[in-house]
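Each chain gets a letter, A, B and so on, in the order the sequences are listed, and its residues count up from 1.
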There are 2 protein chains.
Amino acid sequence: MSHTPGVRLAQKRKTRQALLDAALALLEEQSLSSLGLREVTRAAGVAPTAFYRHFRSTADLGVALVEEALGSLHPMIRTTVSPAEGSDERIARAVELIAGHVAAHPAHVRFVARERHGGVQPVREAIREQLVRSAGEVRDELAKDPVSAGWSEADLLMLAGLYVDQMLATASLFLETLQAPEEERRRAADTATRQMRLISVGRRHWLD
Amino acid sequence: MSHTPGVRLAQKRKTRQALLDAALALLEEQSLSSLGLREVTRAAGVAPTAFYRHFRSTADLGVALVEEALGSLHPMIRTTVSPAEGSDERIARAVELIAGHVAAHPAHVRFVARERHGGVQPVREAIREQLVRSAGEVRDELAKDPVSAGWSEADLLMLAGLYVDQMLATASLFLETLQAPEEERRRAADTATRQMRLISVGRRHWLD
DNA sequence: AATTTCAGAGAACAGTTGTTAACTGCATGG
DNA sequence: CCATGCAGTTAACAACTGTTCTCTGAAATT
């Protein structure tokens with residue numbers, strides 16, 4: 001118990017997290033491409049030069065944000081499709097799960113939706129990579145389902161990609177209606193639910 | 001024939017178009033949120049102050065770009081879904097139509113995909129507005145189809161929205177694979193085709 | 001032919017940016 | 001306990017930003 005081997009590293013991580021948090025907050029009203037180094041350090045309450053102790057550039061910080069944001073989105077996507085799927089109650093629960101995640105981590109969802117096609121190439125790449133991995137996991141879940149019997153590998157991946165895209169689109173839609181009146185939010189959830197239902201109807205009749 | 005009432009306005013429009021073109025080119029490697037006024041005028045070959053004769057701000061220019069970009073995307077989306085849809089050849093033709101549009105107007109597609117969720121609110125709004133209108137037109141086309149007999153108004157709009165999103169996702173996918181080897185492009189087109197097929201299978205069995 | 005209009009240029013402003021260098025102080029490992 | 005490592009600070013730089021005011025020249029109007 002003589003020395004806690006981390007007082008220094010702990011402080012470093014704290015500052016790093018402050019930079020990430022400050023950046024994420026600033027990114028609610030702009031794109032990563034326009035995020036300034038000084039802007040971030042100012043918001044985080046540190047000197048501009050301290051930035052370099054953690055990141056090479058704002059693009060580099062963006063890549064770190066991708067890991068943080070999709071580290072929470074990842075399991076969500078996975079669990080959304082995991083319960084066999086098919087019955088309407090399960091789809092409804094999946095939509096609620098997405099809505100809950102958006103309510104809990106709105107900044108993360110916004111960041112991913114915004115930078116997925118954004119102006120910073122390394123960040124786009126990092127997001128794409130994570131989504132491809134998510135699609136792979138979704139494919140594995142789909143493969144377990146008896147409904148997928150007889151499906152080709154390519155078709156499983158095709159459907160997995162469709163699901164991932166649809167989840168992101170749904171999350172983005174919920175994000176837009178976050179501050180909207182209750183009725184509009186309900187309508188959005190209803191539309192998203194029916195879209196997922198239609199996709200799974202298509203899934204059930206795919207091999208006809 | 002004494003005076004051509006447009007020599008002046010024609011020159012103004014020419015400069016305006018030069019600004020729009022320069023901006024669109026610059027936006028291939030960044031987001032609108034980081035696009036500078038001076039940067040645009042420099043690329044367009046005019047003085048910085050000339051910018052104000054045409055746009056209030058870069059956000060304002062962005063809104064103008066939305067109209068230009070979706071003025072060409074609009075009819076494409078509409079015609080894609082217009083031929084009754086259902087048979088596989090027609091879906092394949094629709095996918096080819098999208099691929100052709102992406103190849104012909106890559107910068108416009110990139111702009112819309114990037115700024116749809118981008119950091120400039122008025123531009124997001126303008127894009128959303130146009131996409132809502134597109135969805136409305138798609139709904140009208142779907143309603144003409146005998147397959148849609150017995151569908152509620154809400155379900156028609158739900159499907160129209162799904163189609164519009166899917167078209168944009170497909171266009172964005174094609175954009176990424178624009179410079180990729182032939183085989184990868186073929187795979188992307190194949191996946192997109194099957195995704196649309198699955199959606200229309202779901203459509204045909206929706207009322208079961 | 002004289003007058004007005006107006007797109008674009010030029011110069012200057014205060015403020016911001018990313019990056020460098022040299023520093024300070026404290027937790028760490030010997 | 002002391003020497004080292006290193007997170008964070010301070011100061012300074014050249015370059016760039018959006019915006020203002022003033023001016024110019026040619027097209028448009030009368």
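Rounded to whole Å, atom P of C:dT5 lies 14 Å from atom CZ of B:Arg53. Taking atom CZ of residue B:Arg42 and atom P of nucleotide C:dG8, one finds them 18 Å apart after rounding to whole Å. If you take CG of A:Leu37 and C1' of C:dT19, they are 9 Å apart, rounded to a whole angstrom. One interatomic measurement links the two molecules: OH of A:Tyr52 to P of C:dT17, which rounds to 12 Å at whole-angstrom precision. Here the P atom of nucleotide D:dA7 and the NE2 atom of A:His54 are 7 Å apart, to the nearest Å. Atom CG in A:Leu9 sits about 10 Å away from atom C1' in D:dA7, given to the nearest Å. Put simply, CZ on A:Phe55 is 15 Å from P on C:dT19, counting in whole angstrom units. Note: CG (B:Asp60) to P (D:dT19) measures 12 Å, nearest angstrom.
Counting only heavy atoms from C-beta on, B:Ala50 has its side chain closest to C:dA9 among C:dA9, D:dG8, D:dT10. Each of D:dA27, D:dA11, D:dT17 was ranked by its minimum atom distance to the side chain of B:Val7; first place goes to D:dA27. Proximity note for B:Arg8 (side chain, C-beta onward) versus C:dT20, D:dA26, C:dA7: the nearest is D:dA26. Of the candidate nucleotides C:dA9, C:dG8, D:dG8, C:dA9 has the atom nearest to the side chain of B:Thr49. Taking every side-chain heavy atom of B:Arg38 into account, C:dA12 is the closest of C:dA7, C:dA12, D:dG5.
Donor-acceptor pairing under 3.5 Å is recorded for the side chains of A:Ser34 and B:Ser33.
Nucleic acid contact for B:Phe51: none, since no nucleic acid atom lies under 4.0 Å from a heavy atom of the residue. B:Arg16 comes within 4.0 angstrom of nothing in the nucleic acid, heavy atoms only.
Nearest heavy-atom pair, A:His117 versus B:Ser172, reported as atom, atom and distance to 0.1 Å: CE1-OG, 2.9 Å. Shown here for B:Leu26 and B:Val40, the closest heavy-atom pair between the two residues is CD1-CA, 4.0 Å.
Using a 4.0 Å cut-off, some side-chain N or O of B:Thr15 falls inside it from OP1 or OP2 of C:dG8. Taking 4.0 angstrom as the limit, B:Arg56 places none of its side-chain polar atoms (N or O) nearer than this to OP1 or OP2 of D:dG18.
Between B:Phe51 and B:Phe55, the angle of the ring planes lies from 30° to 60°, which puts this pair in the tilted group.
Using a 4.5 Å heavy-atom cutoff, the side chains of A:Leu178 and A:Leu175 are in contact.
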